[in-house]
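Step one of this worksheet: look at the structure below.
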Amino acid sequence: MDTLAAGAFLLILMLLMLSGGVWIAMTLAIVGWAGQAFLTTSQPGLNLFSAFWESNASWELAALPLFIWMGEILFRTKLSEEMFSGLAPWLNRVPGRLFHTTILGCGIFGSVSGSSAATCATIAKVSLPELKKRGYDENIAIGSLATAGTLGILIPPSITMVVYAVAADASIIRIFLAGFLPGLVLMALFSGYIAWWALRNKGKMPPREAATTLREKLRLSRNLVPCALLIVFICWSLVAGWATATECAAYGVVGALALAAWSRSLTWANFTESLGGAARTSCMIMFILAGAAFLTKTMAFTGIPRELAEWVNGMHLSPYALITALVVVYLVLGTALDGISMIVLTAAVVMPMIQKAGFDLIWFGIFVILLVEIAEVTPPVGFNLFVLQNMTGKDSNVIARAAIPFFLCLVVCIVLITVFPQIVTVVPDALMGKAK
């Protein structure tokens, strides 16, 4: 069986299992096992063990359950409710009102966590119940969270950025700086769509809250102070170099517990509930990560990513035709691989092609990361879709459909940085000088 036929076989098998209701993580692991057992000469049992261990035995990954626990504490002790009460008067006249909190929350939290899954899970836990309780359209809330959660890998620091910088032999600091402006552009596109949708669908928006005076707004804003201070402290600890992302996550948990105790909303019951909720969500995400890691090993053994990249290289395309072809390749790979694996498995072939075509490697890094973001919300292996499926009980295809308008915002952002590459390069060039 040739490489592309093997890829088609694995994709069809995955779709059949997912449509049959098999657990996502089990589907990924079984497809990986079948690929290695029937298409390679490797030992699937040994590789399964090593993939599950390597994907979860990580100091950086320890931040994931801690950030999720922080979100559970804020949700179950009503601190998140107070935060939304403080924001509501200020956003009352903005089209879309509290919908914008999902975008802003994912942007801020993404800069701390560096993880798409942690960002999506934490902000969803805090915002979805509040938006639903206040009568906001659930589809828009879920769709915005699925896509805005990906800001965790675009707004630095980002593990995916570090992997790309190492693979491309590029400056990590320069690619970190390059992510800021595209991240802001993407947030503006998301919020712009929400505002446009709200103006076009006024009947689906909850009634506007009663107008409040400036004094009343300031009084209600006191509810924002505890959570705002916690977020500022976490961000500052990371930016100032006082703590790593994992240590910041631990500070976040301690801070959330302290705030809950100070507000007298922390009880033994909601403490144990938050711990149990965080454990369930974290285990779900880590199990999926392990299954994806095993499937990635299978893809590497079969050589499918390299075959696709070499096929594009053999076409001898013009620079922008090359970029278009790579978009298609990475979108295809995104249906079966996580972002880091996509970069690692194609770097050896793709990077020389990009340099030969005259593209800046820093610009291409942000371009690839935006494609990885699209992969996070692309069925059948869109990771953020799985996270929200577990948290909302909705089918991943329903979530994918809700995310389509925001998916298109990602596409618009890719077009913008392609037409205007200065969006990516202006910040690192201004702060570090132009790369030689």
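Numbering starts at 1 and runs along the sequence shown.
Ring geometry, Y164 versus F364: the interplanar angle falls from 30° to 60°, so the pair is classed tilted.
Nearest heavy atom pair, residue L257 against residue L266, reads O-CD2, 3.9 Å. Pairing each heavy atom of A178 with each of I362, the nearest pair is CB-CG2, 3.6 Å. The two atoms that bring A146 and I399 nearest to each other are CB-CG2, 4.3 Å, heavy atoms only. Taking every heavy atom of both residues into account, A124 and L388 meet most closely at CB-CD2, 3.8 Å. In terms of heavy atoms, P182 sits closest to C413 at O-SG, 4.1 Å. Contact between P206 and G135 at its shortest, heavy atoms only, is CD-O, 3.8 Å.
Contact annotation: the side chain of I417 never approaches that of V185 to less than 4.5 Å [non-hydrogen atoms, C-beta and beyond]. Counting heavy atoms from C-beta outward, C409 and T147 have side chains that stay 4.5 Å or more apart. Considering only heavy atoms from C-beta on, D137 comes within 4.5 Å of W197 through its side chain. Within the 4.5 Å cutoff, the side chain of F180 has no heavy atoms near those of the V424 side chain. Between L186 and L151, some side-chain heavy-atom pair lies under the 4.5 Å cut-off. Side-chain atoms of L408 and Y193, non-hydrogen and from C-beta on, never get closer than 4.5 Å to each other. Within the 4.5 Å cutoff, the side chain of F367 has heavy atoms near those of the I323 side chain. Looking at heavy atoms from C-beta onward, E138 lies in side-chain contact with K394 at the 4.5 angstrom threshold.
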Fill in: Audit row: V372, L154, side-chain contact (heavy atoms from CB on, under 4.5 Å) steps and yes/no
CA-CA 9 Å; V372 169; L154 178 62; over 6 Å; no
Practice prompt. I would like to know whether L370 and V411 meet side-chain contact (heavy atoms from CB on, under 4.5 Å); could you show each step before the answer?
Written response: CA-CA 8 Å; L370 283 168; V411 174; over 6 Å; no
Discussion item. Determine whether I194 and F406 satisfy the following criterion, side-chain contact (heavy atoms from CB on, under 4.5 Å), listing intermediate values before the conclusion.
Written reply: CA-CA 9 Å; I194 286 173; F406 301 95; 3.9 Å; yes
Worksheet item: Where do T102 and S144 land on the side-chain hydrogen bond (donor to acceptor under 3.5 Å, both in side chains) test, with the steps shown first?
Response: CA-CA 7 Å; T102 61; S144 63; 3.2 Å; yes
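Checked by atom type and distance alone, the side chain of S274 never pairs as donor or acceptor with a backbone atom of I73 at under 3.5 Å. Proximity of a side-chain donor or acceptor of T298 to a complementary backbone N or O of F294 within less than 3.5 Å is detected.
The distance from atom CG of L229 to atom CG of L259, rounded to the nearest 0.5 Å, is 8.0 Å. Summarising the geometry, atom CD1 belonging to I175 is positioned 5.0 Å from atom CD1 belonging to I366; distances are rounded to the nearest 0.5 Å. How far CE of M205 is from CD1 of I140: 9.5 Å, rounded to the nearest 0.5 Å. To the nearest 0.5 angstrom, L66 atom CG is 8.0 Å from W69 atom CH2. For the atom pair OG1 (T425) and CG (L177), the distance works out to 12.0 Å, reported to the nearest 0.5 Å. Summarising the geometry, atom CG belonging to N270 is positioned 7.5 Å from atom OG1 belonging to T272; distances are rounded to the nearest 0.5 Å.
K204 pairs by the salt bridge (charged side-chain N to carboxylate O under 4.0 Å, His left out) definition with nothing, not counting sequence neighbours. Every residue two or more places apart in sequence or in another chain that forms a side-chain hydrogen bond (donor to acceptor under 3.5 Å, both in side chains) with S191 is listed here: H100.
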